[in-house]
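If you're wondering where the values come from, they're calculated on a predicted model, not measured in any experiment. Just so it is clear: chains get the letters A, B, ... in the order the sequence lines come, proteins before strands, and each one is counted from 1.
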Number of protein chains: 2
Amino acid sequence: MSYAQLQLKNQLCHRLYMASNSIARTYRPLLADINLTYPQYVVMMALWEEDKITIAALIEKTAIDGSALTQILKKMTDKALLMVIKDESDKRKRLIQLTKQGQSLKQQASDIPNKIQCKFNSIDSTQAEQLMHLLDLVVHDLNNEELNMLDIEE
Amino acid sequence: MSYAQLQLKNQLCHRLYMASNSIARTYRPLLADINLTYPQYVVMMALWEEDKITIAALIEKTAIDGSALTQILKKMTDKALLMVIKDESDKRKRLIQLTKQGQSLKQQASDIPNKIQCKFNSIDSTQAEQLMHLLDLVVHDLNNEELNMLDIEE
DNA sequence: ACATTTTAATTTGCATGCAAAGTATTTGCA
DNA sequence: TGCAAATACTTTGCATGCAAATTAAAATGT
């Protein structure tokens, strides 16, 4: 009975770990068809929604780590999906802009959400929304915790 | 209105991506205190539950990728947390056994679940269970999908 | 104006996660 | 018996995720 909390089967975190990996594994072959990794796909989605934004805005929108993003953008530039442009009004900033090819990839990617959705057989849309809501709470709590700690230190 | 499914804010997968990363980031400093990474901690939890199991069993229990696990076990061996022993009855297999230090680390880790739980302020235990259940469904669906494909190919 | 601080990105080093290929062993079967 | 097929791992190569240190440029304070 002791240490019950240390049991893997009771841990929310381990569930998240497994689910996140499962999803990434599921996306990989689909994204390979259009020569993207999952984080790169996330970057593309962000840019398809709003093009020519700063790296900071991209970090905010995608939740991809900044230092990782630098490398990712480098590879995507090599693939001619986007360009990293200096912002002349503030030379610290960089603007990310899709190329024609980057823009046209949107059509080829348009069926991916459906293909993914088809794999969820035991979850209806209500449960999916519930799940998204709960995950938002998790993220909010964990990110807020960091803010709280900053408050305390001040 | 078009391409609504391609919007990040509507994607369950992106939520999972963010939540999983948030959790890992939250664990990191706590686990650093006992010199473990999150996957290493998962391995320890599995072994605290049941010691001297095969690598295959460890993969089954932890859901850590086999090739990654090989490397992880190597590092944990270097830290004298465990030993990788050849199974004499079947020389393909390896048995993983905790060292004294590995066993005693359990006490030092016993407060980590509570410390993590404390960070979840907006989620009660009912919601946590709900969340775990939904994540189980996700994992089940995505892993089953692979099985289904195997069925088809046969 | 000018030094200090803050911002925005990049670089570096380490630890996975994963697909694909490779290496022993053991099983299964003709 | 002997060899192909299945097992159980390991190795390799590539792409992150992240903390910490660095670099460059803009904002602030005096």
**Message:** How many whole angstroms separate atom CZ of B/R28 from atom C1' of D/dA20?
**Reply:** 13 Å

**Prompt:** Can you list, by residue number, the residues of residues 88-95 of chain A that have a non-hydrogen atom closer than 4.0 angstrom to DNA chain D?
**Reply:** A/D90, A/K91, A/R92

**Request:** May I ask you to say what B/K86 touches in the nucleic acid, namely base, sugar-phosphate or nothing, with a heavy-atom cut-off under 4.0 Å?
**Result:** nothing

**Item:** Contacts of type side chain to side chain contact (heavy atoms under 4.5 Å, CB included), residue B/P39, not counting sequence neighbours
**Value:** B/T37, B/I64, B/I72

**Steps toward side-chain hydrogen bond (donor to acceptor under 3.5 Å, both in side chains) verdict (A/Q101, A/K79)** = CA-CA 9 Å; A/Q101 296 161 63; A/K79 287 194 272 195; over 6 Å; no

**Plane angle bin for A/H14 and A/Y17 - parallel if under 30°, tilted between 30 and 60°, otherwise perpendicular** = parallel

**Request:** Just name whichever nucleotide pairs with C/dA30, Watson-Crick or G-U, keeping both distances under 3.5 Å, else none.
**Result:** D/dT1

**Request:** Measure the acute angle between the ring planes of A/Y27 and A/Y41, then classify it against the limits of 30° and 60° as parallel, tilted or perpendicular.
**Result:** tilted

**Request:** State the CE-CZ distance between B/M18 and B/R25, to the nearest 0.5 angstrom.
**Result:** 10.5 Å

**Prompt:** Considering all heavy atoms of both residues, which atom of B/A19 and which atom of A/L135 are nearest to each other, and what is their separation?
**Reply:** CB-CD2, 3.9 Å

**Backbone of B/A68 reached by a side-chain donor or acceptor of B/Q71 within 3.5 Å** = no

**Request:** May I have all residue pairs that pass salt bridge (charged side-chain N to carboxylate O under 4.0 Å, His left out) and include part of residues 30-49 of chain B, sequence neighbours excluded?
**Result:** B/E49-B/K61

I'd like a list of close polar pairs between nucleotides 12-16 of chain C and the protein, N/O only, cut-off under 3.5 Å.
residue: C/dT16; atom: OP1; partner: B/T37; partner atom: OG1; Å: 2.8
residue: C/dT16; atom: OP2; partner: B/Q40; partner atom: NE2; Å: 2.7

**Asked** B/L31 has an atom CG; how far is it from atom P of D/dC18, in whole Å?
**Response** 14 Å

**Asked** Sequence neighbours excluded, which residues qualify as salt bridge (Lys or Arg N to Asp or Glu O under 4.0 Å) partners of B/D51?
**Response** none

**Request:** Write down the distance between CD1 (A/I23) and P (C/dG17), rounded to a whole number of angstrom.
**Result:** 16 Å

**Item:** Lys/Arg-Asp/Glu bridge criterion (N-O < 4.0 Å) met for A/D136, B/R15
**Value:** yes

**Request:** Determine, using the 4.5 Å side-chain heavy-atom cutoff (strictly less than), whether A/L98 and A/M83 are members of one ILVMFWY cluster.
**Result:** no

**Asked** So what does B/N21 touch, heavy atoms closer than 4.0 Å: a base, only the sugar-phosphate, or nothing?
**Response** sugar-phosphate

**Message:** Short of 4.0 Å, heavy atom to strand atom, which residues of residues 51-61 of chain B count as contacting DNA chain D?
**Reply:** B/T54, B/I55, B/A56

